[in-house]
Trainee: 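Below you will find the structure I want to go over with you.
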Amino acid sequence: MAKLSAGVLLYRFVGTDVEVLIAHPGGPFWARKDAGAWSVPKGEYVDGEDPWVAAQREFTEELGSPPPAGPRIDLAPVRQAGGKVVTVFAVCADFDTAAAVSNTFTVELPKGSGRFVEFPEIDRVAWVSVATARAKLLSGQRPLLDQLMAAPGLVGYGEGRAEGG
């Protein structure tokens, strides 16, 4: 059975464009990666668990506070390259990125050394245009942006300019 993951994709309107809140994974593997490395704040859950409940829990763990209240759009699940099925809920709300505080994980470095180092699960979060998110997000999560932009309340809004990548 495929692993299941659920997350919250915050979005907001900036003029006539849409921005989304995305997260960069922490740890040495991701340290120098940018394009194609970012993710929707999310985490795994077990079959039978309510994905919305799991998404809220994972947002809280990864960003240090519960997701803000706002209108919710249930996006269709997507399957990432590794087979993980990701269910995401888009919520229209603002979030202060400076307030984000992630939980941590521990890795043995170097492997076999007996020395353990702690890293934040998410080392930074950023509001970016949808156009920029298309370059920064993991490829398996990019279809979520198509779904978001096709939502009835977002028709007519733009994706903004792509920056960096």
Trainee: Would you call R134-D146 a salt bridge at under 4.0 Å N-O?
Mentor: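 Counted as a salt bridge, because a side-chain N and a carboxylate O are separated by less than 4.0 Å.
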Trainee: Taking only residues two or more places apart in sequence or in another chain, which ones pass side-chain hydrogen bond (donor to acceptor under 3.5 Å, both in side chains) with E108?
Mentor: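 Partners of E108 under the side-chain hydrogen bond (donor to acceptor under 3.5 Å, both in side chains) test: none.
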Trainee: Return the CD to CG distance between Q56 and D50, rounded to the nearest 0.5 Å.
Mentor: 8.0 Å
Trainee: Do P67 and T60 have side chains that approach each other closer than 4.5 Å (heavy atoms only, starting at C-beta)?
Mentor: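 Sidechains of T60 and P67: in contact.
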Trainee: Once you round to the nearest 0.5 Å, how far does CD of E49 lie from CD of E44?
Mentor: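 The distance works out to 11.0 Å.
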Trainee: For L63 and L21, what are the C-alpha separation, side-chain angles and deciding distance, and is it a side chain to side chain contact (heavy atoms under 4.5 Å, CB included)?
Mentor: CA-CA 11 Å; L63 300 181; L21 184 76; 4.0 Å; yes
Trainee: Using side-chain heavy atoms (C-beta onward) and a distance below 4.5 Å, is V85 in contact with L4?
Mentor: yes
Trainee: Say whether, by atom type as modelled, one donor and one acceptor occur between the side chain of E118 and the main chain of T104 under 3.5 angstrom.
Mentor: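 No, the answer is negative, given that no donor and acceptor are paired below the 3.5 Å cut-off.
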Trainee: Show the nearest heavy-atom pair for residues V91 and P68, with the distance to one decimal.
Mentor: CG1-O, 3.6 Å
Trainee: Taking I73 as the starting point, is it possible to reach M149 by hopping between hydrophobic residues whose side chains are less than 4.5 Å apart?
Mentor: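 The answer is yes; both residues are in one hydrophobic cluster.
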Trainee: Taking D123's backbone N and O only, do any of them form a donor-acceptor pair with S102's side chain (distance below 3.5 Å, no angle check)?
Mentor: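 Answer holds: no.
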Trainee: Ignoring hydrogens and angles, state whether a donor on the side chain of E163 or S129 is under 3.5 Å from an acceptor on the partner side chain.
Mentor: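 No, no side-chain donor-acceptor contact under 3.5 Å.
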Trainee: State the CD1-CZ distance between I22 and R124, to the nearest 0.5 angstrom.
Mentor: 9.5 Å
Trainee: Give me each pair satisfying ring pair (Phe, Tyr, Trp, His ring centres under 6.0 Å) with a member in residues 130-159, each pair once, sequence neighbours excluded.
Mentor: F13-Y157
Trainee: Report the C-alpha separation of W38 and V128 in whole Å, then their side-chain angles, then the decisive distance to 0.1 Å, and conclude whether the side chain to side chain contact (heavy atoms under 4.5 Å, CB included) test is met.
Mentor: CA-CA 11 Å; W38 292 66; V128 298; 6.0 Å; no
Trainee: Between V86 and V40, does a side chain to side chain contact (heavy atoms under 4.5 Å, CB included) hold up when you go through it step by step?
Mentor: CA-CA 10 Å; V86 181; V40 171; 6.0 Å; no
Trainee: I'd like to know if the side chain of R142 and the backbone of A133 have a donor-acceptor N/O pair within less than 3.5 Å.
Mentor: no
Trainee: Hey, does W127 have a side-chain heavy atom less than 4.5 Å from the side chain of D94?
Mentor: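 Yes; the side chains approach each other to less than 4.5 Å.
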Trainee: Go through V78 and Q147 one step at a time and tell me if the side chain to side chain contact (heavy atoms under 4.5 Å, CB included) criterion holds.
Mentor: CA-CA 10 Å; V78 295; Q147 292 183 52; 3.9 Å; yes
Trainee: Is there a path of hydrophobic side-chain contacts, each under 4.5 Å between heavy atoms of I/L/V/M/F/W/Y residues, joining Y11 to L144?
Mentor: yes
Trainee: For the pair E58 and K42, find out whether any cationic side-chain nitrogen is under 4.0 Å from an anionic carboxylate oxygen.
Mentor: no
Trainee: Please say which of L145, V130, D17 ends up in a side-chain contact (heavy atoms from CB on, under 4.5 Å) with E159.
Mentor: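 That would be V130; it is the only one of L145, V130, D17 passing the side-chain contact (heavy atoms from CB on, under 4.5 Å) with E159.
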Trainee: Hey, any chance L148 and V88 share a hydrophobic cluster, counting ILVMFWY side chains that come within less than 4.5 Å of each other, even indirectly?
Mentor: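 In one cluster: yes.
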Trainee: Would you say the side-chain atoms of T132 pair up with the backbone N or O of R161, donor to acceptor, closer than 3.5 Å?
Mentor: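 Yes: the side chain of T132 pairs with the backbone of R161.
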Trainee: For the atom pair NZ (K136) and NE2 (H24), what is the distance rounded to the nearest 0.5 Å?
Mentor: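 Rounded to the nearest 0.5 Å, the NZ-NE2 separation comes out at 8.0 Å.
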Trainee: Please report the shortest heavy-atom distance between G83 and A2, naming the atom on each side.
Mentor: O-CB, 3.3 Å
Trainee: Would you check if the side chain of W30 reaches a backbone N or O of I122 as a donor-acceptor pair within less than 3.5 Å?
Mentor: no
Trainee: Distance from L154 atom CG to C92 atom SG, nearest 0.5 Å?
Mentor: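 One finds 7.5 Å between CG of L154 and SG of C92.
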Trainee: Which residue in the set W52, F89, F95 passes ring pair (Phe, Tyr, Trp, His ring centres under 6.0 Å) when paired with F59?
Mentor: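 Looking at W52, F89, F95, the match for F59 under the ring pair (Phe, Tyr, Trp, His ring centres under 6.0 Å) is F95.
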Trainee: Report whether V8 and V20 are members of the same hydrophobic cluster (ILVMFWY, side-chain heavy atoms less than 4.5 Å apart, transitive linking).
Mentor: no
Trainee: Identify the two heavy atoms, one from A69 and one from A93, that lie closest to each other, and give their separation to 0.1 Å.
Mentor: O-CB, 3.8 Å
Trainee: Flag the pair F119 / L109 as yes when at least one side-chain heavy-atom distance between them is below 4.5 Å, and no otherwise.
Mentor: yes
Trainee: I need the minimum non-hydrogen distance between Y45 and P51, along with the two atoms involved.
Mentor: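 Distance-wise, the nearest heavy atoms are OH-CG, 3.6 Å.
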